Peer 1: 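Quick one: structure below, then a few questions.
Here the structure is a predicted model, which means the values were calculated and not measured. Here is how names work: the chains are called A, B, and so on, in the same order as the sequence lines, proteins then strands, and each is numbered from 1.
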Amino acid sequence: MQRVFWATCPTCDHKLMVDWNIRHAGVPLECPSCRGKFLADDAKALDERWS
Amino acid sequence: VARDLHTFIKQLEVEHPGDLIRISKPVNPANFDVVAVMEHLYQRGRRPAVLFEHPLDLNGEPSPIPVLINVFAERERCATALDFPREQSQLPLSQEFSRREQDAVDPVVIDASRAPVKELVVTGDEIDTRELPMVVHSEGDYGPCLTMTLAIKDPESGAYNAAFIKAFYDFEDHRRLRITIHSPDTERALEYYESRDLPMPIVAVLGHHPAFYLGTMGLTPYESNDYRTIGGFLGEPLRLVPSETWGEDFLVPADAEIIIEGVVPPGVRMIADPFGDITRQYQAQTLRPVMEVTAITRRRDAILQDVFAGHHDHFTAGQIPKEGTLFNTLRRKFGDIITAVHLPYSGCGRLACYISINKTREGQGKAVALAAIQESWTFQVAVVVDDVIDVFNEQDVIWATLVNVDPSRDVDLINNIPTVFTTAMGYRKVLIDATRPLDKAIPEMNRVPREALDRIDLDDYLTGGS
């Protein structure tokens, strides 16, 4: 199963589901809600739980 | 007259009134108006094709291009698309699909002056994807998205391959789309071009006769030409015309509603997704290839066709061909004991397969389940039942599972096997033999005698006493 994580947009609090493959890629994520861009490390919150 | 989306709409309105609804009230597809109407219809148990005659484009301006959605939602409508009897829209339709796969028809090339899709041509700086009434499908989606097929051409064999591939509107460049290539054949072609640092030509076919799209769903080998396969589904040669960008080196369907031509630059990846997809779950945001648009051509009366993602419209289009292929594969392996197969809507037409067999000895159910689960990477659960169970009646399949299955013997978990979708099952698959055990003395299913059913004519009793 493809691993995903959740990143909360620092601008609008939208929770965005992201492929784990780009978690540490340094690629800005794009918020579908406010169209803002942010790095995963700058997310307001991260949910990376995985077992 | 060549078969196209317009001839199909006329056919529906003449032969099956009510199967297509026209909505004249203006809608904003980018603000969920289209999908909200569709969701309301589904909640009322209705799944017609719907033509939104007055949508707004992505500039918020009235668009001259209507939006048609939900064409594939009913198996009966797919049967009509193939000129097949609606009353045979269960397994016989799937078998007919398999037959058509083998019945390819060579395409024909016509002059651009006769090609409806060339009536309006836009190239260069005039290209603006915002002029399309693109639909946003689910809350939280990346943005407006085109959901129909993209076609590529294998550079070595010259064969065309078409597959359903999402193309997102690019908020940073209205001459670019972000495309989610995940079909194995298209991935293979992209690898070829990227390994040589070459741009890959690609075209989006945004509207055609539904038989065209059903033809693209065939599980044919990479080297086979989808334009030939589609001809088998249309029942006539697919009419092609040279593209604006590559001329005769890349042919496009002449009777399409809208064609977007473009190239996939090698090595370029940009953010795309989420998208509420086939499993009714979102696909995660990730990096995807892009398509730099080189031309948009269309009919004057073009209709933008779209798929109601994560609903029956999405499920059925893939369910029918996979059923046909699975049935044929199992028949070849096990013979006539295979009586029916179905990919239920509960599994989105992808995740689960139900198979009925005429069981003659213990263990056959498991053997069939094991063969079935390997037939597609999308299958996560295979359930085998006796032929007294109608696999299209899910309630009966679940009943058989509840009364026949000994979990310690009849359920198997296969670990560490490739799967496609992000479900909690992960890289695992489940086999369930829900056939009645032949080696145990257990109850059998109750029934009304066949003789009595044949003797009693229900209409005599319902009308005879009044």
Side-chain angles (χ1 to χ4, degrees), chain A, chain B residues 30-32 58 134 136-145 166 168-173 176 178 180 182 267-288 290 351 377-378 380 414-430:
Chain A
M1 177 172 65
Q2 168 201 28
R3 183 176 179 182
V4 302
F5 69 101
W6 290 85
T8 303
C9 173
T11 304
C12 72
D13 284 350
H14 179 82
K15 286 183 73 176
L16 174 65
M17 189 176 75
V18 187
D19 193 315
W20 185 260
N21 286 339
I22 59 171
R23 168 65 183 88
H24 300 291
V27 178
L29 310 179
E30 293 186 23
C31 176
S33 179
C34 70
R35 310 260 41 118
K37 294 186 178 185
F38 61 99
L39 293 168
D41 286 336
D42 296 330
K44 189 170 182 179
L46 288 172
D47 181 352
E48 301 177 323
R49 289 172 297 166
W50 182 256
S51 57
Chain B
N31 193 32
F32 303 107
L58 292 185
M134 293 168 70
V136 180
H137 297 80
S138 296
E139 183 178 16
D141 275 3
Y142 176 76
C145 189
K166 300 189 299 288
F168 286 103
Y169 172 70
D170 190 316
F171 288 89
E172 296 172 356
D173 187 340
R176 189 171 62 197
R178 302 187 184 189
T180 62
H182 47 64
V268 176
R269 297 292 185 274
M270 299 188 78
I271 285 289
D273 288 308
F275 184 78
D277 217 321
I278 179 75
T279 59
R280 302 171 63 188
Q281 301 168 295
Y282 289 93
Q283 283 202 333
Q285 185 163 99
T286 191
L287 292 170
R288 303 285 192 187
V290 302
L351 297 172
W377 284 15
T378 73
Q380 295 194 330
I414 302 176
N415 280 298
N416 194 26
I417 186 169
T419 54
V420 174
F421 300 117
T422 306
T423 69
M425 196 179 286
Y427 293 121
R428 300 181 188 88
K429 300 195 178 199
V430 173

Peer 1: Under a 4.5 Å heavy-atom cut-off, does chain A meet the side chain of Gln283(B), its backbone, both or neither?
Peer 2: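 Backbone only.
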
Peer 1: Restricting to non-hydrogen atoms, name the atom on Tyr142(B) and the atom on Glu30(A) that form the minimum distance, rounded to 0.1 Å.
Peer 2: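 In terms of heavy atoms, the two residues are closest at OH-OE1, 2.6 Å.
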
Peer 1: Considering only heavy atoms, which portion of Asp141(B) lies under 4.5 Å from any heavy atom of chain A: side chain, backbone, both, or neither?
Peer 2: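 When you check distances to chain A, only backbone atoms of Asp141(B) fall under 4.5 Å.
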
Peer 1: Give, as side chain, backbone, both or neither, the part of Val18(A) having an atom under 4.5 angstrom from any heavy atom of chain B.
Peer 2: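 Looking at Val18(A), backbone and side chain both touch chain B.
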
Peer 1: Does atom CG of Asn415(B) have more than 12 heavy-atom neighbours from other groups under 6.0 Å away?
Peer 2: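 Atom CG in Asn415(B) is packed in, count exceeds 12.
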
Peer 1: Decide if atom CZ of Arg280(B) counts as having more than 12 heavy atoms of other residues, nucleotides or ligands within a radius under 6.0 Å.
Peer 2: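 Check fails, neighbour count at 12 or below.
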
Peer 1: Give, as side chain, backbone, both or neither, the part of Glu172(B) having an atom under 4.5 angstrom from any heavy atom of chain A.
Peer 2: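 Interface part for Glu172(B): side chain.
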
Peer 1: Look up atom CZ in Phe275(B) and atom CE in Met17(A), then write down how far apart they are to the nearest 0.5 Å.
Peer 2: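 Rounded to the nearest 0.5 Å, the CZ-CE separation comes out at 12.5 Å.
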
Peer 1: A side-chain contact here means heavy atoms from C-beta on lying under 4.5 Å apart; do Ile271(B) and Pro28(A) qualify?
Peer 2: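 No. Closest side-chain heavy atoms not under 4.5 Å.
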
Peer 1: Checking Lys15(A) against chain B: side chain, backbone, both or neither under 4.5 Å from a heavy atom?
Peer 2: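 Looking at Lys15(A), nothing touches chain B.
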
Peer 1: Sequence neighbours left out, what passes ring-ring contact (aromatic ring centres under 6.0 Å, His included) with Tyr282(B)? Give chain and number order.
Peer 2: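 Not a single residue meets the ring-ring contact (aromatic ring centres under 6.0 Å, His included) criterion with Tyr282(B).
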
Peer 1: Given the options Gly143(B), Gly140(B), Pro418(B), Ala272(B), which has more heavy-atom pairs under 4.5 Å with chain A than any of the others?
Peer 2: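 Ranked by contacts with chain A, first place is Gly140(B).
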
Peer 1: Identify the residues of residues 20-27 of chain A whose heavy atoms come closer than 4.5 Å to a heavy atom of chain B, ordered by number, or report 'none'.
Peer 2: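 Contacts with chain B: Ile22(A), Val27(A).
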
Peer 1: Evaluate the side chain to side chain contact (heavy atoms under 4.5 Å, CB included) criterion for residues Gln285(B) and Asp19(A): first the C-alpha distance (whole Å), next the side-chain angles of each, then the deciding distance (0.1 Å), finally the verdict.
Peer 2: CA-CA 6 Å; Gln285(B) 185 163 99; Asp19(A) 193 315; over 6 Å; no

Peer 1: Counting only heavy atoms not in Glu139(B) (residues, nucleotides, ligands), do more than 12 fall under 6.0 Å from its CD?
Peer 2: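 No, because the 6.0 Å sphere around CD of Glu139(B) holds 12 heavy atoms or fewer from other groups.
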
